[in-house]
Amino acid sequence: MSEPLLQVEQLVKNFEIRALRGARKIKRVVQAVSGVSFTVEKGHTLGIVGESGSGKTTVGRLIMQLIAPTSGSVIFDNRDLSTLKIEEMRLLRRRMQIVFQDPFASLDPKMTVGASIAEPLVVQKEPGDHGERVRELLELVGLAADHSRRFPHEFSGGQRQRVGIARALALNPSLIVLDEPVSALDVSIQAGVVNLFSDLQKRLGMSYVFIAHDLSVVRHIADQVAVMYLGKIMEIGPKQAVYDHPTHPYTKAL
């Protein structure tokens with residue numbers, strides 16, 4: 001086994017919900033993630049699968065520190081992210097990126113795709129020719145270099161997702177969280193995007209956390225699979241074992 005890049009330990013996330021019941025204000029707590037633990041090795045992929053509402057997307061956002069955990073820890077490359085100061089976390093974000101589910105919503109419609117891809121380089125004050133780097137990234141994800149001058153509405157869904165992938169790759173990350181990256185795409189183009197993820201991993205050696213509700217997609221790309229239900233991991237193990245010999249009734253039902 002290779003050295004773990006990401007360690008998630010007893011992660012918990014509670015959301016407070018306020019509502020009116022008659023004239024009374026009531027408050028209740030919903031536990032979206034409950035005691036989730038796993039590791040992701042360098043150069044490997046963990047697939048997290050489950051139905052809508054299982055907590056898998058919340059786990060992805062907790063890993064990225066887009067929302068703060070109620071308890072538990074996220075340890076990236078031996079550093080507990082909850083202990084880092086804002087500037088330390090900003091620098092570490094170079095090595096942690098996310099690709100969102102909806103490629104149209106995650107791109108600014110008023111920016112050219114070239115500007116969107118270059119934005120991480122600008123934020124992180126990267127030296128050098130950003131235009132040249134953008135052209136390299138577009139070609140890396142299977143788009144033409146001159147597409148950098150176009151706007152998101154000029155692309156198909158699959159092409160927009162490739163732009164999102166190029167943006168995530170801009171700073172050479174070690175880990176990418178893929179939050180249902182193909183579920184908004186036509187079935188006919190999902191395979192091409194999944195194959196792109198596999199090719200990029202072989203070339204660049206990064207690790208993935210691949211979040212999905214479609215088990216057949218995860219089977220093509222994951223090394224390990226975690227099955228979530230109601231905020232908990234029901235079963236986790238090597239891909240072949242989970243698919244061929246599931247031990248939990250919920251996994252069998254999926």
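All of these numbers come straight from a predicted model, not from anything done at the bench.
For the pair L185 and G158, the tightest heavy-atom approach, listed with the atom from each and the gap, is CD2-N, 3.8 Å. Here the closest heavy-atom approach between residue A226 and residue I233 is recorded as CB-CD1, 4.1 Å. Closest approach of G164 to V99, counting heavy atoms only: O-CG2, 4.2 Å. Taking every heavy atom of both residues into account, V123 and R90 meet most closely at O-NH1, 3.3 Å. Taking each heavy atom of T58 and I67 in turn, the nearest pair found is CG2-CD1, 3.8 Å.
Contact check for S148 versus I117: no side-chain heavy atoms found under the 4.5 Å cut-off. Taking 4.5 Å as the limit, some side-chain heavy atom of M89 sits within range of a side-chain heavy atom of M96. The closest side-chain heavy-atom distance from T83 to E88 is not below 4.5 Å. Here the side chains of I165 and L200 are in contact, with some heavy-atom distance below 4.5 Å. Using a 4.5 Å cut-off on side-chain heavy atoms (C-beta onward), Q10 and S37 make contact. A 4.5 Å side-chain heavy-atom check between V74 and Q65 finds at least one atom pair inside the cut-off. Side-chain contact between T70 and Q31 is absent, with no heavy atoms from C-beta onward closer than 4.5 Å. Residues R61 and M64 fail the side-chain proximity criterion, which asks for heavy atoms closer than 4.5 Å.
Placement of V134 and V141 within a single hydrophobic cluster is found when ILVMFWY residues are connected by side-chain heavy-atom separations under 4.5 Å, directly or transitively. If you chain together hydrophobic residues whose side chains sit under 4.5 Å apart, L92 and V8 fall into the same group. Both L215 and V218 belong to a common hydrophobic cluster when Ile, Leu, Val, Met, Phe, Trp and Tyr are linked at side-chain heavy-atom distances under 4.5 angstrom. One hydrophobic cluster, built from ILVMFWY side chains closer than 4.5 Å, holds both M234 and Y243. There is no path of hydrophobic side-chain contacts, each under 4.5 Å, that joins V177 to I75.
In this structure, F38 has no ring pair (Phe, Tyr, Trp, His ring centres under 6.0 Å) partners at least two apart in sequence or on a different chain. Residues meeting the salt bridge (charged side-chain N to carboxylate O under 4.0 Å, His left out) test with D244, sequence neighbours left out: R219. Taking H147 as the reference, F155 meet the ring pair (Phe, Tyr, Trp, His ring centres under 6.0 Å) condition, with sequence neighbours excluded.
Not one N or O on the side chain of Q97 forms a donor-acceptor pair closer than 3.5 Å with the backbone of P173. Using a distance-only test at 3.5 Å, with no hydrogens or angles considered, a donor-acceptor pair links the side chain of Y208 to the main chain of F197. Panel note: side chain E235, backbone T247; a donor-acceptor pair is recorded below 3.5 Å. A distance-only check finds no donor-acceptor pair linking the side chain of K13 to the backbone of A32 [under 3.5 Å]. With hydrogens and angles disregarded, a donor-acceptor distance shorter than 3.5 Å links the side chain of R160 to the backbone of P152.
Side-chain contact, S188 with D186: no donor N or O sits under 3.5 Å from an acceptor N or O.
Note that CD of Q224 and NZ of K239 are 11.0 Å apart. Values are rounded to the nearest 0.5 Å. Within the model, atoms CG of L121 and CZ of R167 stand 12.0 Å from one another, a figure rounded to the nearest 0.5 Å. The distance from the CG atom of L196 to the CD1 atom of I189 is 12.0 Å, given to the nearest 0.5 Å. Atom CG of L138 sits about 10.5 Å away from atom CZ of R150, to the nearest 0.5 Å. Of the inter-residue distances, the one linking T39 atom OG1 with H44 atom NE2 reads 10.5 Å to the nearest 0.5 angstrom. To the nearest 0.5 Å, atoms CD1 (I98) and CG (L175) are separated by 10.0 Å.
Of the candidates V225, D223, V40, I211, L46 forms a side-chain contact (heavy atoms from CB on, under 4.5 Å) with just one, namely V40. Screening K56, E180, E51 against H213 for a side-chain hydrogen bond (donor to acceptor under 3.5 Å, both in side chains) leaves a single residue, E180.
The number of heavy atoms from other shown groups lying within 6.0 Å of CD1 (I26) is above 12. Open room surrounds CZ on R149; 12 or fewer heavy atoms of other groups in view lie less than 6.0 Å from it. Dense packing is recorded around CZ of R135, with more than 12 heavy atoms of other residues, nucleotides or ligands lying under 6.0 Å away.
Using the six-membered ring where Trp is involved, H153 and F151 have ring planes that are parallel, under 30° apart on the 30 and 60° scheme.
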Can N172 and L204 be said to form a side-chain contact (heavy atoms from CB on, under 4.5 Å), step by step? CA-CA 8 Å; N172 296 312; L204 305 175; 5.7 Å; no
Evaluate the criterion side-chain contact (heavy atoms from CB on, under 4.5 Å) for residue pair Q161 and V182; output intermediate values, then yes/no. CA-CA 8 Å; Q161 194 60 292; V182 297; 5.9 Å; no
Using the rule given for side-chain contact (heavy atoms from CB on, under 4.5 Å), can you reason through V59 versus I63, listing the C-alpha separation, both sets of side-chain angles and the distance that settles it, and then say yes or no? CA-CA 6 Å; V59 169; I63 291 170; 4.1 Å; yes
Would S174 and L5 satisfy side-chain contact (heavy atoms from CB on, under 4.5 Å), going step by step from the backbone distance to the final call? CA-CA 8 Å; S174 303; L5 177 68; 4.0 Å; yes
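Taking the centre and axis of the six-membered ring of Y229, the NZ or CZ atom of K232 falls outside the cone set by 45° and 6.0 Å.
Each side-chain hydrogen bond (donor to acceptor under 3.5 Å, both in side chains) pair with one or both residues in residues 192-204, not counting sequence neighbours, appears once here: T45-Q201. Evaluation of the ring-ring contact (aromatic ring centres under 6.0 Å, His included) test over residues 73-104, restricted to residues two or more places apart or in two chains, returns none. Annotation: side-chain hydrogen bond (donor to acceptor under 3.5 Å, both in side chains) contacts involving residues 104-127, sequence neighbours excluded, comprise R94-E126.
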